[in-house]
Amino acid sequence: MNENARFLARAFEHNGVLYPNGLNTSLIKRPDIVNCREDDVFVVSYPKAGTTWMIEMVSLIMNEGNTEINTSAVQQARNPMIEVNLKLPLWLRCITHLLKFLKPILPEFIIKLRFINLLLALEKAGLEYGNGLKQMEKIPSPRLMKSHLPYHAFPSQAIRKKCKIVYVARNPKDTGVSFFHQYSLGFPPLDYKGSWNDFYQLYVNDKTWYGSWFDHVLTWWQHRDDENVMFLKYENMKKDPKGAVKSITDFLDISLTEGAIDDIVEFCSFNKMKKDENVNFSLVVGDKDKHQFIRKGVVGDWMNFFTVAQNKEYEKIYRERMKGSGLDFEW
Ligand code: PPS
């Protein structure tokens, strides 16, 4: 089996969208099963749009700049991804809990083993992040959650109750390149061994997880003027992070001092986040020199990957799919 076929076999399709195994199929088929509260806030995106960055910003804004919560645990534990359901078997949970107690006496080389590292990271996250819905029930209001769900699969209660939703979009070429690196992070299920050219074939044919970038972004874009939806672009956040923080505080009706806003921008800067093990996945990434979750964080890295032919093909698709949408991106 080639690598693309292997990855496709690890995913399932619903309503024309491909989802990775390890998501909650009940939620995807019945978005009404998610219990939402009126003061819930969601950060939503197609994968690799800058979701982790946005969650750090929004959570700090919601905590009025207090960084204590952000430094207390990995982001997945604080801000559950609602559709995740890893169904960790009981034996794995037991071993993981056991490891927590054994850690002080285990030799360093054992702790550094990738599998042990992964289990310790799960333990640190409180294990529940294996099940987004269960974890959601456990965190206090006002809750901040993450999701990559397309609009039609998004919790209907959140829409009905007008929960605040911050949607972040990134130009699809950089998104694709970042997605390739995510697929290849080097631990299961992110252990893609294909080349960029192989991955491009999945991406251009809408066969990557969460399906077509165009369908995802454009359907959320249609809701950009809903009173509870804010649509932001990664490229604008890069250009003016302070402006992004300010517009989110307005959207969330939270008032912050200039100093607090500056501190949030600084805390969420690329260099800070790259070093922060609560957001950079370094606890689970095996070869840290080779693979990084918080990787380059730039606009235009696609130029280092798209071939001339791929770029020509993608530009044509982009023009066709985006025509008349009124949405454009800087590359
Ligand atoms: S995920 O897995 O879908 O939740 O990934 P996501 O967080 O959406 O996207 C990861 C990319 O965002 C970059 N990133 C940042 N860019 C600028 N500033 C900050 N603070 C920041 N934090 C994360 C990250 O590096 C990934 O992009 P690439 O292009 O791969 O570097």
Side-chain angles (χ1 to χ4, degrees), residues 19-20 22-23 42-61 67 70 74-84 129 132 144-150 166-187 189-190 192 196 199 203 208-211 213 216-217 220 232-245 248 263-282 284-285 288 290-306 329-331:
Y19 297 98
L23 295 195
F42 295 86
V43 169
V44 185
S45 70
Y46 186 82
K48 311 319 292 175
T51 335
T52 314
W53 183 18
M54 182 61 92
I55 291 174
E56 282 304 275
M57 277 187 177
V58 176
S59 65
L60 283 169
I61 292 168
T67 57
N70 297 57
V74 292
Q75 192 183 77
Q76 291 76 6
R78 297 178 263 128
N79 310 109
M81 179 159 158
I82 57 174
E83 65 266 29
V84 162
Y129 92 74
L144 170 64
M145 272 81 63
K146 163 181 176 172
S147 177
H148 290 311
L149 289 171
V166 180
Y167 186 88
V168 54
R170 183 181 192 183
N171 82 68
K173 293 186 201 170
D174 285 332
T175 299
V177 167
S178 183
F179 216 170
F180 166 60
H181 287 93
Q182 163 93 348
Y183 263 52
S184 321
L185 268 179
F187 61 91
L190 304 171
Y192 185 69
W196 159 255
F199 178 85
Y203 192 58
T208 39
W209 301 338
Y210 292 92
W213 178 94
H216 202 288
V217 171
W220 278 101
L232 286 170
K233 294 184 213 169
Y234 177 92
E235 294 76 13
N236 291 348
M237 289 164 67
K238 283 287 300 180
K239 223 187 292 173
D240 181 13
K242 189 167 178 179
V245 173
I248 300 163
D263 289 347
I264 291 174
V265 170
E266 170 59 15
F267 188 89
C268 299
S269 68
F270 180 79
N271 289 338
K272 275 260 166 68
M273 284 186 59
K274 196 173 174 66
K275 285 188 222 130
D276 179 356
E277 68 170 27
N278 285 318
V279 291
N280 68 11
F281 278 78
S282 60
V284 289
V285 173
K288 294 179 187 45
K290 211 163 149 206
H291 306 290
Q292 276 136 17
F293 176 79
I294 302 204
R295 196 181 56 92
K296 279 197 183 168
V298 296
V299 179
D301 193 34
W302 64 269
M303 291 178 219
N304 298 315
F305 289 84
F306 277 66
F329 285 88
E330 285 173 30
W331 311 90

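In each ligand, atom 1 is the first atom listed, and ligand 1 is the first ligand listed. Computation of the quantities below employed the complete heavy-atom set of this structure, encompassing side-chain atoms and omitting hydrogens, waters and symmetry-equivalent molecules.
- An N or O contact shorter than 3.5 Å links Lys296 to ligand 1 by distance.
- With ligand atoms numbered from 1 in the order given, ligand 1 contributes 11 (C), 26 (C), 27 (O), 28 (P), 29 (O), 30 (O) to contacts under 4.0 Å with heavy atoms of Ser178.
- If you check each of Phe267, Tyr234, Phe281, Phe180 against atom 15 (C) of ligand 1, the one with the closest non-hydrogen atom is Tyr234.
- For atom 21 (C) of ligand 1, the nearest non-hydrogen atom from the set Phe293, Trp53, Tyr210, Tyr46 comes from Trp53.
- Summary of contacts: the protein heavy atom closest to atom 7 (O) of ligand 1 is Thr52 OG1, 2.5 Å.
- Side-chain contact between Ile248 and Leu232: present, with at least one pair of heavy atoms (C-beta onward) separated by less than 4.5 Å.
- With contacts defined as side-chain heavy-atom distances shorter than 4.5 Å, the pair Phe42/Tyr167 does not qualify.
- Shown in contact with Gln182 at under 4.0 Å from a heavy atom are these atoms of ligand 1, numbered in order with element: 2 (O).
- Taking the six-membered ring where the residue is Trp, the centroids of Tyr203 and Trp213 are separated by 6.0 Å or more.
- Interface of His148 with ligand 1, defined as ligand atoms under 4.0 Å from a residue heavy atom, comprises 1 (S), 3 (O), 4 (O).
- Residue Asp301 places no heavy atom under 4.0 Å from ligand 1.
- Taking the six-membered ring where tryptophan is involved, the planes of Phe179 and Tyr183 are perpendicular, since the angle between them exceeds 60° and thus also 30°.
- By the 4.5 Å heavy-atom criterion applied to side chains, Asn70 and Leu60 are counted as neighbours.
- Taking every non-hydrogen atom of Ser269 and a distance limit under 4.0 Å, the qualifying atoms of ligand 1 come out as 20 (N).
- Among all non-hydrogen protein atoms, the one lying nearest atom 25 (O) of ligand 1 is Arg295 N, 3.1 Å.
- Between Gly297 and ligand 1, a contact under 3.5 Å exists for at least one N or O pair.
- The backbone N or O of Ser45 lies less than 3.5 Å from no partner atom in the side chain of Lys146, so there is not a single donor-acceptor pair.
- Note: Phe199 and Phe180 have tilted aromatic rings, judged against thresholds of 30 and 60 degrees for the angle between ring planes.
- Of all protein heavy atoms, the one closest to atom 3 (O) of ligand 1 is Lys48 N, 2.8 Å.
- Every atom of ligand 1 is numbered from 1 in the order shown, and the set under 4.0 Å from a heavy atom of Met273 is 20 (N), 22 (N).
- The shortest contact between atom 20 (N) of ligand 1 and any protein heavy atom is with Cys268 O, 2.9 Å.
- At least one heavy atom of Arg170 sits less than 4.0 Å from an atom of ligand 1.
- Close approach of ligand 1 to Gly50 is summarised as follows: ligand atoms under 4.0 Å from at least one heavy atom of the residue are 6 (P), 7 (O), 8 (O), 9 (O), 12 (O).
- In terms of modelled atom types and a separation under 3.5 Å, the side chain of His181 and the main chain of Gln292 share no donor-acceptor contact.
- Of all the heavy atoms of Lys146, the ones lying under 4.0 Å from any atom of ligand 1 belong exclusively to the side chain.
- At least one donor-acceptor pair closer than 3.5 Å links the side chain of Glu235 to the backbone N or O of Asn171.
- With Trp53 as reference, Tyr234 is the one residue of Phe267, Tyr234, Phe270 to meet the ring pair (Phe, Tyr, Trp, His ring centres under 6.0 Å) rule.
- Residue Pro47 approaches ligand 1 through these ligand atoms, each under 4.0 Å from one of its heavy atoms: 3 (O).
- Counting heavy atoms from C-beta on, the side chains of Leu149 and Ile82 come closer than 4.5 Å.
- The atoms of ligand 1 that sit less than 4.0 Å from any heavy atom of Thr51 are 3 (O), 4 (O), 6 (P), 7 (O), 8 (O).
- Listed for the Asp301 side chain is no donor-acceptor partner under 3.5 Å among the backbone atoms of Asp174.
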